[in-house]
Structure formats: C-alpha cells, structure tokens
Student: 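Pasting a structure below so you can have a look.
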Protein chains: 2
Amino acid sequence: MRQDERDFLKGYDPSVFPPAAVATDVAVFTLQEGKLKVLLLLRAEHPFQDAWGLPGGFLQPQEDLAQAASRVLAEETGARGVYLEQLSTFGRAGRDPRMRVVSVAYTAFVPWNRVEVRTGRRTREVEWFPAHALPRPLAFDHAEILSTARARLRAKLEYSPVALEFLPARFTLGQLQGVYEAVLGRAVDKRNFRQKVLKARLVRRAPGVLKGRHPPAAFYEAGPGAREGAIYPPFRWDR
Amino acid sequence: MRQDERDFLKGYDPSVFPPAAVATDVAVFTLQEGKLKVLLLLRAEHPFQDAWGLPGGFLQPQEDLAQAASRVLAEETGARGVYLEQLSTFGRAGRDPRMRVVSVAYTAFVPWNRVEVRTGRRTREVEWFPAHALPRPLAFDHAEILSTARARLRAKLEYSPVALEFLPARFTLGQLQGVYEAVLGRAVDKRNFRQKVLKARLVRRAPGVLKGRHPPAAFYEAGPGAREGAIYPPFRWDR
DNA sequence: AGAATAGTGTCTCTCAGACAATATCAC
DNA sequence: GTGATATTGTCTGAGAGACACTATTCT
C-alpha cells in the first residue's frame, strides 16, 4: 500500500460510526371521492405489529435514498412508477423501539386509480384512509410525518402546480377545483378559480370533452406555466 | 423471557440494518460587508484533508439530529447558540469515500459578529467565504448542499421573515434592505421596500437612532408580522 | 320536471412597482 | 463643500376576491 493510500484510509475508524440505521418512510396522497386520502398498511411484523403505518423500510447498501423509498413502496403496496419527493428526516432517539433509526421521509401525490395497490411484504392489508380520519395509533412517529406532509402539501398548493399531480393528463376544471377544495378544506369560487388558472397558464385547453352524468365538460391539460415546480405567482383564492 | 417480549424482539434482525452511518453537515450563512457569506473550514483530517468543507460530523447514539448539528458546529467552529433548521438529506452512495454515509444537512442564518468563530476539532482553519466565490473543490458533496441551501434561502426570503435572522435585535431599514439585496443579488427600490415592510408589519419602530458616518438612521425591530415563520403576504420587489 | 354541473363577466380594492428630490451628518 | 445615506408620496397597472344567472345533460 502506498503512502497516499494509507493516508486516504486514515480517516476511517469504525468507532466514529456509531450504529444508526437509515430507513425511509413514504407518504402517498391521493384524491378519492373528493377527499384527500393517504396510503397506509397494516403491519404484519414487529415492531408495531397490527398497527397501521406508512410504507417504510431500510436503505440497502448501493441504493440512493429516493430509490430506496421507491422500492419500499413497491414492495409493500405494489405502487410503482410514483414520483417521490423528499419531505424531511426524522431521527428522534427512541422513535424505533429496536434501535436507533433515522428515517428519511418521502411524499408522493398520485391520481386515484393510476396506482395499483395490493398487499405486499411485511404487510397484512393496504388501504387508503381519509387524511382527516386516520386510524390511531399509527406506528412509530408516522402521525408526525403525516402532519408534516400535509402541511407541506397545503403550502405547495399555493405556489406550485402540485395539484396537477393528483389528476390524469387530461382533466376538467371542475376536477382541478376539487383538488384545491379538498386540500385546502374550503370552497373556492368557480369563476375566480377558472380565470386564475387560465391566466397563469397553469392549464390549457386539451381536445375533447368529458361526457358525464350532466353537461359535457371541456378537457384541459398542464399548461406551459406548470413546468416542473414553477408557477411563481402565488395562488390564493377567496379569503 | 415472556412471550410478548420475544414477540417484541422478533422484528430485530441485525441483517436488516445494513451499515450506513448517519452524519450531519451545517451551512451557516451571514452577511458581511454587504455580501452573503458561508462558514467553511479547512479539513485537518482525511478524507478530503486540506480541502474546504462544511462543518460536519457523525450522529451520536442518544442525540437528536438537530442536537448533533449544533454540537458539531460548536466543536469545529466555536459557533454556539445558533438556531438551526433542517435543510435536506443527502445520501448518494459514494458521497463519502470511506463508507456509506447519509448526511442530514442543516442551515442557519446569523448576524455577523454575533457568533464567535475559532478553529476547532479536526479543523485547520475556519473562515467566512463569499457565497459566490467559494473555494474549489469543496469536500464531499458540499457544493451541492450549499447550492440547495442558497436556493432555499432565496425562496424563504420572499415569504418569511428570514431576513431578520441576519440582523441584531435592533437594526436600520437600510441594513434590512441590504440583506435583501445581498441575497437576491439585485438592487431594490428604497421607497417601495420601506413602504412594504412597514405595511406588512414585518418591522416596527424601536427606540433610538444609529449615529453613523452620516445622517442618523432610525432603529427598527421585528414586528408582530414576523412571528416565527409567518408573513404570508409574499414579498417581491421591483421587476 | 328536476337535479347536478358547466360555463361566463364585472367591479372594487389592494398591492407591486416605477419614479426624484431634499435633508442631515461627518469629514 | 462634498459625499454618503435617510427620509418621504404618488401614480399606474395587475391581480385578488366578491358576486348570480343561464345552459346542458341525464334520470
């Protein structure tokens, strides 16, 4: 071994790497029947066996954090191809009864019915719960993670095009308005809403109409103002 | 051992906790001579010996993440009593040549001269660098952490009272405007600026004036509109 | 016919941003 | 006196938000 190689390794001392496992938890939101819902699973194994919790698991050696989150989500719930965004990291000592675990939480927003959900590994059941009626108690500090995630979602709604992530490529303005109303938890004025999303170029007309139980509604799609986390003009509706 | 205790431990299997160390890195910003600066240290040990990098270190067994960040910052730079905010977590495989390390990054914004900085553990020098003239290369992925931190700072400036964190309890409007100009990197109109911060109640008049090299400037302090991360009316100045 | 939703326009008020001249203090 | 900074007000244009009625489709 050459001198420079020895120097290189000099900084490695196992005693400076105290044991803390790295995990990831994933909060997936969707909109179903006009309500904001979260994907939870009934845990089949300890700890917190038989409690509901977020999909989660440990980081594997060669995996990036986002990859781990994506893999864990797929393994435990079957949901694939979901775009995940890092939320925050939770590492309170004692949050996992087994040992010190630091968990990097991710969130996702998906159109209802775009993800296939099934019961997976370490899981007894997988189910969408209304965000305002979660089962209690949740495993670990998952209640805290979820409340952080909801706060982030509400904030992002006002300055980013997140709302579109809940919808398929083509949607009606009524559906889009429904997303805002469900997340914000209040009604918004239809005329102001339409005027604003169109002026901001958040959406633009797409071909076709949705024939529904009543008058046909025009389809819209993401507009040029909705490019990847853009939309600086903040959105606020009514009071 | 009782059955329930055995059940409890059943979930513990060392093989599911692959070795990844948890670390923390801290990006401290300040304003000095009208320029945004970052606190860096010259590393005295491997890896990246003799390169500049952020203060950082490993999580200790009983420590919360924020505590670890605070301790590491104090040990390596002497800065104490700094309010830290979690930024994001960086965990790309290979970001540390020794082993897999996941780092939870924190940021802080401090008034120039409110922190005592000195050379500390594992450190050869500690110095403030202008944010737009950083030494290269930086250790690990610290360049990426810093650019994320700067982006976050710029965003927060517009909808939160972060700017006040760079200033002492009493300050002049000229100083406050200087913070905005340094972070945004452009000039803002003095009249619009004053009108806006006062109308938004971000600041209010404090007793006294600052006698300087020229006309005395009135002191101001944080106003009722500046309570902990509030200020929803987004700030934008000029173009 | 009735229920449910789609679609549409105007007004007011507030705020963002452009813009310039005078007073004060230290040297 | 000079240089540097403090302080002050008005106008215009854009956007937020309040507000109500008609048309369509399905049952």
Side-chain angles (χ1 to χ4, degrees), chain A residues 31 33-34 157-159 163 167 170-182 184-221 223 225 231-239, chain B residues 31 33-34 157-159 163 167 170-182 184-221 223 225 231-239:
Chain A
L31 212 78
E33 295 161 7
L157 204 67
E158 309 231 330
Y159 64 84
L167 297 172
R170 292 193 317 165
F171 49 85
T172 70
L173 292 184
Q175 292 168 342
L176 182 60
Q177 186 177 340
V179 175
Y180 278 85
E181 294 186 330
L184 297 178
R186 62 152 185 267
V188 302
D189 183 85
K190 195 199 300 189
R191 287 161 297 182
N192 292 338
F193 181 84
R194 295 164 103 90
Q195 194 173 4
K196 232 161 304 188
V197 293
L198 290 173
K199 198 173 341 181
R201 304 208 172 185
L202 178 65
V203 299
R204 86 185 124 195
R205 200 49 229 284
V209 294
L210 174 67
K211 301 203 175 203
R213 27 200 171 307
H214 294 304
F219 273 130
Y220 287 79
E221 62 190 5
I231 288 291
Y232 293 131
F235 283 169
R236 283 223 223 76
W237 334 92
D238 312 320
R239 34 202 67 262
Chain B
L31 211 79
E33 293 161 8
L157 204 67
E158 308 232 330
Y159 65 84
L167 298 172
R170 292 193 316 166
F171 48 86
T172 70
L173 292 183
Q175 292 168 342
L176 182 60
Q177 186 177 341
V179 175
Y180 278 86
E181 294 186 331
L184 298 178
R186 72 174 128 93
V188 301
D189 182 87
K190 196 196 302 191
R191 287 161 296 183
N192 293 338
F193 181 82
R194 295 164 102 90
Q195 193 172 5
K196 233 162 303 189
V197 293
L198 290 174
K199 197 174 342 182
R201 304 210 171 185
L202 177 66
V203 299
R204 86 183 126 196
R205 200 49 230 284
V209 295
L210 174 66
K211 300 203 176 203
R213 26 198 172 306
H214 294 305
F219 273 130
Y220 288 80
E221 61 190 6
I231 289 290
Y232 293 131
F235 283 168
R236 280 217 229 80
W237 334 91
D238 312 320
R239 38 200 68 259

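All heavy atoms count here, side chains included; hydrogens, waters and symmetry mates do not. Below, chains carry the letters A, B, ... as their sequence lines are ordered, and counting in each starts from 1.
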Student: Taking N and O atoms by type only, does the side chain of A/H214 place a donor or acceptor under 3.5 Å from a partner on the base of D/dT25?
Tutor: yes
Student: Using the six-membered ring wherever Trp is involved, compare the ring planes of B/F193 and B/Y180 and label them parallel, tilted or perpendicular (cut-offs 30° and 60°).
Tutor: perpendicular
Student: Find the distance B/Y180:OH to C/dA16:P and express it as a whole number of Å.
Tutor: 12 Å
Student: Under 4.5 Å between any side-chain heavy atoms of B/E181 and B/Q177, yes or no?
Tutor: yes
Student: To the nearest Å, give me how far apart CD (B/Q177) and P (D/dT5) are.
Tutor: 11 Å
Student: Below 3.5 Å, does any donor atom in the side chain of B/N192 face an acceptor in the base of C/dC19, or the other way round?
Tutor: yes
Student: What nucleotide among D/dT25, C/dC19, C/dA6 has an atom nearest to a side-chain atom of A/P216?
Tutor: D/dT25
Student: At what distance, to the nearest 0.5 angstrom, does CG of B/L198 lie from OH of B/Y220?
Tutor: 5.5 Å
Student: Round to the nearest Å and state the distance from A/R186 atom CZ to D/dA16 atom C1'.
Tutor: 12 Å
Student: Is A/Q175 reaching over with its side chain to a backbone N or O of A/T172, donor-acceptor style, under 3.5 angstrom?
Tutor: yes
Student: Taking atom P of D/dA6 as reference, at what distance in whole Å does atom CZ of B/R205 sit?
Tutor: 13 Å
Student: Closer to the 5' end of DNA chain D via nearest nucleotide, is it A/G212 or B/Y220?
Tutor: B/Y220
Student: Over all strands shown, is B/K190 touching base, sugar-phosphate only, or nothing at heavy-atom distances under 4.0 angstrom?
Tutor: base
Student: I want to verify a distance call: between D/dA16, C/dT24, D/dT25, whose nearest atom is closest to the B/P215 side chain?
Tutor: C/dT24
Student: Give me the atom names and distance for the closest heavy-atom approach of A/E158 to A/L184.
Tutor: OE2-CD2, 4.1 Å
Student: Name the residue closer to the 5' end of DNA chain D, choosing between B/F219 and A/K199 according to the nucleotide with the nearest heavy atom.
Tutor: B/F219
Student: Over how many whole Å does the gap from B/D189 atom CG to D/dT8 atom P extend?
Tutor: 14 Å
Student: Let me know the distance between CD of B/Q195 and P of C/dA20, rounded to the nearest Å.
Tutor: 16 Å
Student: In whole angstrom, give the distance that lies between atom CD of A/E181 and atom P of C/dT5.
Tutor: 11 Å
Student: Write down the distance between CZ (B/R191) and C1' (D/dT12), rounded to a whole number of angstrom.
Tutor: 15 Å
